[in-house]
Structure formats: structure tokens, C-alpha cells
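First comes the structure, then the notes that go with it.
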Amino acid sequence: MKKIYKAHILFTKEKDRFEVYENGYVAVGDDGRVVGVASNLDDLKVQFSAFNVQRAEFIDFGDKLLIPAMNDMHVHAPQVHNQGVAMDLELLPWLQNYTFPEESKYADVEYAERMYRRFMHTQWLFGTMRSVVFGTVHTASTRKLMQLYQEAGMGALVGKVAMNRNCPEALCEDVEAAVEGNKQLIAEFGNPDGLVRPIITPRFVPSCTPELLKACGELANKYQLPVQSHLSENVSEIAWVAELEPESKNYGDAYNRYGLFGQTPTIMAHCVWTEGEELELMKRNGVMVAHCPTSNFNLSSGMAPIRSLLDEGVRIGLGSDISGGHDLNMFRMLVYAIQVSKMHYQLNHDKAFLNLSEIFWIATKSAGSFFGKVGSFEPGYEFDALVIDDSVLYPSEYSLLHRLERFIYVGDDRQIVHRFCRGQEVPEPKVSIA
């Protein structure tokens, strides 16, 4: 049914400013897409006359804030049990000693479901309605994760991880099995308009032989599926890639040679050390960066130069990177990303640090573009939204923009009172196995 929502509406069409509608109205069509936003009902009737305001259901959220929902552009769902554990290690020993042993447990689908329900419930709490997700090598457990997202009504691109070297035997899968597992998931979830879809997911170059990388690229091309992986996260990792792929010009080129770097929509996590030819290749191929500030600090990887990447025209989103990162609250990622950019500013005052509208735009409209028209309240955009009741934060003392900023910095999930994805309100997912 057509809906009209009334609230204080804030979103970012452009990165340099917020659109603010005090006591505004947003009209949402039967297809779950935004028809338009207006300051009053009369303007809504005039500007969007075809919508037929009289036949729409009217919902008044009073003094609450209405904003686009959050998008987590890089998260490892099977690592939720390790969240906040082993934060004193760098990337490679952290993988070997903690991550791989935990992911091996996902051969047990019942264990996987128990952990995945916990993971998704936390995402729901924090208002993350779309995610780009790593599963594990296990086809059955990855299928279960995709089914749970469908059941919840939350959007996700979910990857069955590909890896066949430099990993425990329990997580090592030969090329034929990796291809077959992906084909099964593509057959089940391959609808291009589906809310939950597969994404081709080579873990990273060190864990994939050239044969496996080639097979992943062929799958992405054949089925026109997006790709996700890791890029230039850690200096030791970059040196390792140079040894494993001596014919590649750089880490990004190691993916590019196998059709995994923008030949279909591609998102690469981290890019802490991306520069020079790798950066130029990323720009030419339209590869998106998933900036994961907490993970980069926790694993001693460095500080991604997001201002520089943004100024170069690179598309950027934010990721929690659980469990390299310790926090699934994407609003906290906005804060951490601003703080990282302020540290860069101390090193180079010619590069201004990110402001609130820029990082909000990155987290919503820029990130949402990887899913289509997501992350804004412009006409034609899918209505992914959160309703924020910030009454406990003394809203009467602040402007609407300061109310939003205050929620981002000091609020939490208790202030999120409604969550929408593709026009449908998303109820609280079940945590336990029925």
C-alpha cells in the first residue's frame, strides 16, 4: 500500500550538505520506492499529483528523526563469536590463530545458524539494513545465512568464500568444489532483483591459487555477479602478494588479471596503502572501497587515506569488518572514520578532515549505490530508513542537524524505533533456533 510518513527528515543528496525537512513528508509507492519528499502535504499533492495522496496510508512519527538506514559494506558474519578477541595481533597471525579455527566450525550448519542469528540480530538492532557479507567456504552454511537474511527482510550480498592455499585443511576447497558450490547458490539466489544475492568472494590473493582466482573471475563474468575481497590492508600482506604474483604490477593488478577488479561491480576492503598505479587502476575500473577504520587500527594495518581517495573520485562505503573490527554499530563507524581523517589532517593540513555530511553521504548514498538506488530519499530510491526517537537526548535544546550528530556520537540502538528495508518495516529477527 502507498504510504506517507511525517517526521523530521534528513538525508544527503550531495556529500557537502544535508537536505533537512522539519516536519516534512515522504511518499512511498507500492513498490517500496520513494515518490518524493516535501515540506507540507499541499506541496506533496502538487509536486507528485500522480501519487494520489488521498489513497495513501498516513503515518505520523511526530518529533522523531527519519534518516536513511545504514549499510555495512564489509563484514565477516562467521567471525561474530570472536568479536573483541585477539585485538593485540596483526593481520596474518590473527587469521591463523583465531579466524580460521572459528570459521572451521561452520561445517556444522546448526552451529552456523546459531551464530548467524546472533549476528543478524545485532545488525538489526543497530539499523543496518544492507550488508556485503563474507560467509565461509561451506556451501550449506552460506545458504543458511542467505535464507536467514531473506526471512528477516534485510538486504545482503553474501559470499561463499573461496580459498585453497595458505589456510587450514578444513577450509581448503579445490577449484571444482568451489565452483560447484557457487553455482548452487547462484541457482537459488541469482534473481537480479532479489533482496539477497550472491557475490563472488575470493578471500584474498594469498589464500587463492591462480586457478581459483581465474575460476572466480569466470563465474563473476558468466553470471554478471559482483565481486568482493581485500586489498592493500597490511604491509606484510602486500609483500606476500608480490611474492605470490610476481607478474602483477601491484596487488590490485593481481585481481585485475583474473577479471576480479571492476569487470563486474567490485568492492575491495581497506585500501590502506593504495596509491600510484593501483589507485589509477581502481579509478579506471570503478572499484569501490570499503573503509574499515576500527579493523585498520586493531590489526595495526594503518590509516586509510579516505580524503585523498574521495578527492580522486573513488567510490567509498564503510564497513565494520567484524571481527578485525570490534563494533557492528555502523553509526560508530561514521565517528571513527572522521577521527581517522583528523589524524591524517595532523600529518597534512592541505587535506581537510571529513565532515559530518560527507561521512553520512559515504555511509548512506555512496555505499548504497552498490545495491542500486539505495541510501537516499530522492525519487526512485528504495525506502531504506530508520526512525530515531532521541527524546532521551534532550532534543529540544538542539537544531535538527545537531540532534542527528548527537545521536550518531552518543546514541545507541535503543533510540532506533522503526527500521525499513525496500519499503517494508523489518521486525525484530529471531535470535534462537526455532
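Of the listed residues (Tyr381, Phe11, Phe383), just one forms a side chain to side chain contact (heavy atoms under 4.5 Å, CB included) with Pro68, and that residue is Phe11. Test Tyr21, Phe377, Phe420 against Tyr5 for ring-ring contact (aromatic ring centres under 6.0 Å, His included) and you get one pass: Phe420.
Between the side chains of Tyr149 and Gln123, at least one donor N or O lies within less than 3.5 Å of an accepting N or O. Ser323 and Gln79 form a side-chain donor-acceptor contact under 3.5 Å, judged by distance and modelled atom types alone. Side-chain atoms of Glu90 and Ser236 form no donor-acceptor pair, as typed in the model, at a separation below 3.5 Å. Checking Gln263 against Asn256 by side-chain atom types alone, a donor-acceptor pair falls below 3.5 Å. Checked by atom type, the side-chain pair Glu237/Tyr251 shows a donor-acceptor distance below 3.5 Å. A side-chain donor from one of Ser295 and Asp321 sits under 3.5 Å from a side-chain acceptor of the other.
Within the 4.5 Å cutoff, side-chain heavy atoms of Leu328 are placed close to those of Val75. Contact annotation: the side chain of Glu428 approaches that of His121 to within less than 4.5 Å [non-hydrogen atoms, C-beta and beyond]. In this structure, the side chains of Leu185 and Thr139 come closer than 4.5 Å at one or more pairs of heavy atoms. Between Leu219 and Val179 the shortest side-chain heavy-atom distance falls below 4.5 Å. Leu386 is listed as a side-chain neighbour of Phe331, based on a closest heavy-atom distance under 4.5 Å. Counting only heavy atoms from C-beta outward, the side chains of Phe126 and Asp72 never approach each other to under 4.5 Å. Under the 4.5 Å side-chain criterion, counting only non-hydrogen atoms from C-beta, Ile306 is not in contact with Val340. Here the side chains of Pro198 and Met146 are in contact, with some heavy-atom distance below 4.5 Å.
Panel note: side chain Ser391, backbone Asp389; no donor-acceptor pair is recorded below 3.5 Å. In terms of modelled atom types and a separation under 3.5 Å, the side chain of Arg307 and the main chain of Phe353 share a donor-acceptor contact. Put simply, the side chain of Glu245 never gets that close to the backbone of Ala242: no donor and acceptor are under 3.5 Å apart. For Thr266 (side chain) and Thr264 (main-chain N/O), a donor-acceptor pair under 3.5 Å exists by modelled atom type. Formation of a donor-acceptor pair under 3.5 Å by the Ser376 side chain with backbone atoms of Lys13 is not found in this model. Of the possible polar contacts, none joining the Asp384 side chain to the Arg130 backbone as a donor-acceptor pair under 3.5 Å is found. Not one N or O on the side chain of Trp124 forms a donor-acceptor pair closer than 3.5 Å with the backbone of Arg419. The closest donor-acceptor contact from the side chain of Ser104 to the backbone of Ala170 lies at 3.5 Å or more, if one exists at all. The backbone N or O of Pro395 sits nowhere less than 3.5 Å from a side-chain atom of Asp390 that would complete a donor-acceptor pair. Between the side chain of His344 and the main chain of Ala304, a donor-acceptor pair closer than 3.5 Å is present.
Using a cut-off of 4.0 Å between Lys/Arg side-chain N and Asp/Glu carboxylate O, Glu425 and Lys3 are scored as not salt-bridged. Salt bridge status for Arg165 with Glu211: absent, with no side-chain N to carboxylate O gap under 4.0 Å. Contact check on Glu280 versus Arg284 returns no salt bridge, with no Lys/Arg side-chain nitrogen under 4.0 Å from an Asp/Glu carboxylate oxygen. We find that Glu405 and Arg403 are not joined by a salt bridge, their nearest charged nitrogen and carboxylate oxygen being 4.0 Å or further apart.
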Residues Leu404, Phe360; criterion side chain to side chain contact (heavy atoms under 4.5 Å, CB included); working and verdict = CA-CA 10 Å; Leu404 175 59; Phe360 193 86; 4.2 Å; yes
task = Could you walk me through whether Glu382 and Phe371 pass side chain to side chain contact (heavy atoms under 4.5 Å, CB included), step by step?
result = CA-CA 10 Å; Glu382 297 184 44; Phe371 303 98; over 6 Å; no
inquiry  = Checking Glu173 against Lys160 for the salt bridge (Lys or Arg N to Asp or Glu O under 4.0 Å) test, could you report, in this order, the C-alpha distance in whole Å, the side-chain angles of both residues, the deciding distance, and whether it holds?
reply    = CA-CA 11 Å; Glu173 187 176 43; Lys160 168 184 156 56; 2.8 Å; yes
Worked verdict on Met330 versus Asn71 for side chain to side chain contact (heavy atoms under 4.5 Å, CB included) = CA-CA 7 Å; Met330 292 307 298; Asn71 307 288; over 6 Å; no
message = Could you walk me through whether Val109 and His138 satisfy the side chain to side chain contact (heavy atoms under 4.5 Å, CB included) test, starting with their C-alpha distance in whole Å, then the side-chain angles of each, then the deciding distance to 0.1 Å, before giving a yes or no?
response = CA-CA 9 Å; Val109 179; His138 311 101; over 6 Å; no
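For the atom pair CD (Glu176) and CG (Asn164), the distance works out to 10.0 Å, reported to the nearest 0.5 Å. With rounding to the nearest 0.5 Å, the separation of CD in Glu113 from OG in Ser141 is 9.5 Å. To the nearest 0.5 angstrom, Leu231 atom CG is 4.5 Å from Cys271 atom SG. Here the CD1-CD1 distance, from Ile338 to Ile408, works out to 7.5 Å after rounding to the nearest 0.5 Å. One finds the OG1 atom of Thr136 at 9.0 Å from the CG atom of Leu145 (value rounded to the nearest 0.5 Å). With values rounded to the nearest 0.5 angstrom, Glu233 atom CD is found 12.0 Å from Trp273 atom CH2.
Nearest heavy-atom pair across Thr12 and Ser357 is CG2-O, 3.9 Å. Residue Pro293 comes nearest to Tyr336 through the heavy atom pair CG-CB, 3.8 Å, listed as atom of the first residue, atom of the second, then distance. Across Ala7 and Leu66, no two heavy atoms sit closer than the pair CB-CB, 3.8 Å. Scanning all heavy atoms of the two residues, the minimum distance from Val133 to Ala156 falls at CG2-CB, 4.4 Å. Across every non-hydrogen atom of His326 and Asn298, the tightest pair is ND1-ND2, 3.0 Å. Heavy atoms only, all atoms of each residue included: Gln96 and Asn166 are closest at NE2-O, 3.6 Å.
Dense packing is recorded around NZ of Lys351, with more than 12 heavy atoms of other residues, nucleotides or ligands lying under 6.0 Å away. Environment of CD in Glu110: sparse, with no more than 12 heavy atoms of neighbouring residues, nucleotides or ligands closer than 6.0 Å. Within 6.0 Å of atom OH in Tyr98, 12 or fewer heavy atoms from other residues, nucleotides or ligands are found, so the atom counts as exposed in its surroundings. Summarising the local packing, NZ of Lys15 is surrounded by 12 or fewer heavy atoms from other residues, nucleotides or ligands at distances under 6.0 Å. The number of heavy atoms from other shown groups lying within 6.0 Å of NZ (Lys249) does not exceed 12.
Checked against the 6.0 Å centroid threshold, His230 and Phe134 count as a close aromatic pair.
The aromatic rings of His74 and His270 sit perpendicular to each other, their planes meeting at more than 60°, with 30° as the lower class boundary.
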